[in-house]
Amino acid sequence: MRIALGVTGCIAAYKSVEVLRGLQKRGASVTVVMTRHATEFVGPLTFQSISGFPVITEMFAPTHDPEIKHIQLAQSSDLLLVAPATANALAKFANGIADDFLSTLYISSTCPVLVAPAMNSEMWAHPATSENVRRLRERGVQFVDPEEGYLACKTVGAGRLAEPDTIVRRACEIIGLANGSNVAGDSCTRPADMSGERVLITAGPTQEAIDPVRFLSNRSSGKMGYALAEAAVERGAVVTLITGPVSIAPPKGARTIAVRSAAEMFNAVKDNLADSTLIVMAAAVADYRPADVHRQKMKKNGRAMVLDLEQTEDILASVARDIHEKASRIVVGFAAETESVIPNARKKLVEKHADLIVANDVSASDSGFDVDTNRIALVSSEGVTELPLLSKREAAEHIIDAALEIRRSRPLSTP
Ligand code: CTP
């Protein structure tokens with residue numbers, strides 16, 4: 001695996017040396033690209049000695065190699081990792097400015113991009129930076145968010161570069177995913193902290209037939225549920241995914257059961273519930289279905305048509321009620337809302353007897369249906385945790401972490 005490691009000009013640049021070593025230990029071949037300001041903090045020779053490759057610091061350095069260097073590097077890299085990334089680097093990436101080697105490499109790259117920002121907390125909180133981060137996330141750039149801590153400017157706040165080990169793990173995770181395998185071995189992925197877990201996930205919409213050619217449905221793409229399945233598989237769980245009709249590929253390593261209607265989904269959930277330890281209901285189940293399904297295609301007759309609808313089973317409420325006494329099982333539901341997101345999610349937590357509700361505002365353009373990002377809040381009896389805009393995969397990891405944490409905080413019992 002080949003990684004281009006971009007280093008930009010901030011005090012945390014010295015930590016990139018550790019990132020480089022971590023990547024190399026896991027077998028990666030790393031080419032380091034430094035911005036001019038980065039070289040003020042750490043000498044290129046340090047990176048060169050460790051990586052064993054020349055460090056790129058200039059856009060137009062004379063060379064005997066006839067290839068155009070940034071294109072060559074962009075095409076041969078499996079990942080572009082930028083750590084640390086300054087506010088300036090984020091602004092350039094977000095706006096397509098290509099005025100040095102690293103920003104030109106970014107705009108020429110088609111491989112996954114992982115960015116670990118580091119800056120003063122005011123700069124990180126500034127609306128310009130937030131907007132740039134949002135735009136980059138929307139384009140699929142992944143982030144290892146900065147941590148809270150003591151900063152070089154002698155203040156305490158969010159902005160400190162994430163730990164090198166965390167950055168290395170995320171980088172390896174992405175490359176393992178991109179190649180469809182764990183390229184660098186076990187040490188490179190998240191810990192298999194879900195081995196022994198049996199996870200049941202619902203995903204996607206349901207379709208409720210009106211007649212042989214028409215149905216009622218909704219805009220769910222299934223992406224959030226599929227991301228949860230992928231994350232759980234990678235963390236060592238045995239995963240059963242019960243999915244409504246979607247147009248995305250089934251996640252590798254999960255047992256996928258395709259259903260169409262809410263009633264079919266309910267039956268499939270009941271059939272597969274027995275030994276599951278974590279149940280995540282991410283499906284956007286239809287709340288109503290036509291009371292009568294016409295056997296033949298309905299014909300228009302020039303008058304208004306009224307459909308008689310009946311309510312479907314609430315799968316989550318039914319499942320959580322039945323297994324509520326079994327304390328080691330965790331039930332996670334979603335709350336797709338367009339207003340009063342948190343109060344509605346709290347209501348669903350109580351009324352549906354869930355252990356955790358993942359609330360999201362599905363009316364926002366970067367969150368909810370059919371986009372790759374999500375802005376979620378985790379609502380449990382312990383309180384509400386609002387998360388920033390994340391890729392659905394990142395959101396999935398947080399949801400799983402929160403569910404496992406609820407389990408850890410409970411007394412043990414057999415499912
Ligand atoms: N859910 C379910 N069965 C249903 C409806 C919803 O299992 N018939 C689950 C969803 O999978 C989700 C949670 O319940 O985990 C909340 O779904 P949501 O659509 O947000 O809310 P509803 O319960 O349908 O309520 P409302 O439409 O009134 O918001």
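These numbers come from a predicted model, not from an experiment. Numbers for residues simply follow the sequence, beginning at 1. Indexing begins at 1, ligand by ligand and atom by atom, following the structure's order.
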* **Worked verdict on Asp366 versus Arg135 for salt bridge (Lys or Arg N to Asp or Glu O under 4.0 Å)** => CA-CA 10 Å; Asp366 54 7; Arg135 286 167 74 178; over 6 Å; no

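- Look at Arg2 and Asp78 and you find no salt bridge, because none of the NZ, NE, NH1 or NH2 atoms lies under 4.0 Å from a carboxylate O.
- Each of Ile279, Val280, Leu356 was compared with Val331 under the side chain to side chain contact (heavy atoms under 4.5 Å, CB included) criterion, and only Ile279 meets it.
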Please tabulate, for side-chain N and O atoms in residues 106-118, each donor-acceptor pair with protein atoms closer than 3.5 Å (sequence neighbours left out).
unit_1: Ser108; atom_1: OG; unit_2: Thr104; atom_2: O; d: 2.4
unit_1: Ser109; atom_1: OG; unit_2: Leu105; atom_2: O; d: 2.7

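- In terms of the salt bridge (charged side-chain N to carboxylate O under 4.0 Å, His left out) criterion, residue partners of Asp211 (sequence neighbours excluded) are, by chain and number, Arg214.
- Contact shell of ligand 1 (protein heavy atoms, cutoff 4.0 Å): Met281, Ala283, Val285, Ala286, Asp287, Thr312, Glu313, Asp314, Ile315, Leu316, Gly333, Phe334, Ala335, Ala336, Lys348, Lys352.
- For residues 113-148, no pair satisfies ring pair (Phe, Tyr, Trp, His ring centres under 6.0 Å), with sequence neighbours left out.
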